[in-house]
Enquirer: 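Just dropping this structure here.
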Amino acid sequence: RLSEYDLLVFKALEDTGAAMLTAEITDFIVASQGKDADAAKVQVMVVRSLQKLANRRDDIRKVSYDGRGRAYALPNWVNGKGELKRKHARKG
């Protein structure tokens, strides 16, 4: 069963159309919730969601990018070799 934050993670990815870092997803959700959002709570919930969606369910994919760690992408944004398609590359 998908939680509210799972759905917000999907919305962040779909709205941007590009692979995103954890911090970028968190910022997107905080911005969408307005000034009343608790950034620390949102970050914890996003990390939990990403762990569930990428590691346990395979609903999103971890992809490499030029930097430390991983970015996250929707499965249809990744080619058969596990590489991110150019049109969904991170911006910036």
Side-chain angles (χ1 to χ4, degrees):
R1 183 170 163 292
L2 296 177
S3 73
E4 171 190 359
Y5 280 91
D6 297 340
L7 297 174
L8 288 170
V9 167
F10 283 122
K11 180 172 175 30
L13 291 169
E14 289 167 355
D15 285 2
T16 60
M20 298 176 77
L21 303 177
T22 303
E24 294 168 339
I25 295 170
T26 300
D27 292 345
F28 181 93
I29 293 172
V30 167
S32 72
Q33 290 183 343
K35 63 182 179 185
D36 295 334
D38 178 358
K41 179 185 176 208
V42 170
Q43 181 179 11
V44 168
M45 298 305 289
V46 166
V47 169
R48 286 181 185 175
S49 262
L50 291 173
Q51 197 277 333
K52 175 173 92 176
L53 296 171
N55 296 338
R56 289 186 290 184
R57 292 179 48 112
D58 266 350
D59 288 338
I60 60 175
R61 299 287 163 85
K62 294 179 190 178
V63 294
S64 297
Y65 75 100
D66 294 336
R68 280 183 50 202
R70 298 288 192 153
Y72 296 91
L74 295 176
N76 60 339
W77 296 354
V78 179
N79 66 21
K81 297 178 184 176
E83 299 166 345
L84 188 62
K85 295 176 184 173
R86 183 166 291 165
K87 70 179 182 178
H88 298 293
R90 289 189 61 244
K91 293 150 177 76

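FYI, the numbering just counts along the sequence from 1. Basis for what follows: all heavy atoms, side chains included, without hydrogens, waters or symmetry-related copies.
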Enquirer: What closest approach, in Å, do P75 and D58 show between heavy atoms, and which atom pair accounts for it?
Expert: CG-O, 4.2 Å
Enquirer: Do I60 and V44 land in one hydrophobic cluster if side-chain heavy atoms of ILVMFWY residues count as linked below 4.5 Å?
Expert: no
Enquirer: Mind jotting down which residue pairs meet the salt bridge (Lys or Arg N to Asp or Glu O under 4.0 Å) criterion with at least one end in residues 60-87? Sequence neighbours excluded, please.
Expert: none
Enquirer: What's the spacing between K41 NZ and T26 OG1 if we round to 0.5 Å?
Expert: 13.0 Å
Enquirer: Mind checking whether W77 and L13 have side chains closer than 4.5 Å, heavy atoms only?
Expert: yes
Enquirer: Report whether V9 and L7 are members of the same hydrophobic cluster (ILVMFWY, side-chain heavy atoms less than 4.5 Å apart, transitive linking).
Expert: yes
Enquirer: Taking D27 for the side chain and E24 for the main chain, is one N or O donor matched with an acceptor at less than 3.5 Å?
Expert: no
Enquirer: How close do L8 and I29 get, counting heavy atoms only, and between which atoms?
Expert: CB-CD1, 3.7 Å
Enquirer: Could you pull out the closest heavy-atom pair between A18 and A89, with the gap in Å?
Expert: CB-O, 3.4 Å
Enquirer: For A37 and V30, work out which heavy atoms get closest and say how close.
Expert: CB-O, 3.9 Å
Enquirer: Do R57 and L2 touch side chain to side chain, with heavy atoms closer than 4.5 Å?
Expert: yes
Enquirer: I need the L50 CG to Y72 OH distance, nearest 0.5 Å.
Expert: 5.0 Å
Enquirer: Can you find a heavy atom in the side chain of R48 that is under 4.5 Å from one in the side chain of Y5?
Expert: no
Enquirer: Grouping I, L, V, M, F, W and Y whenever their side-chain heavy atoms are under 4.5 Å apart, do L21 and I25 come out in a common cluster?
Expert: no
Enquirer: Taking all non-hydrogen atoms of both residues into account, name the closest pair between R90 and Y65 and its distance.
Expert: NH1-CD1, 3.4 Å
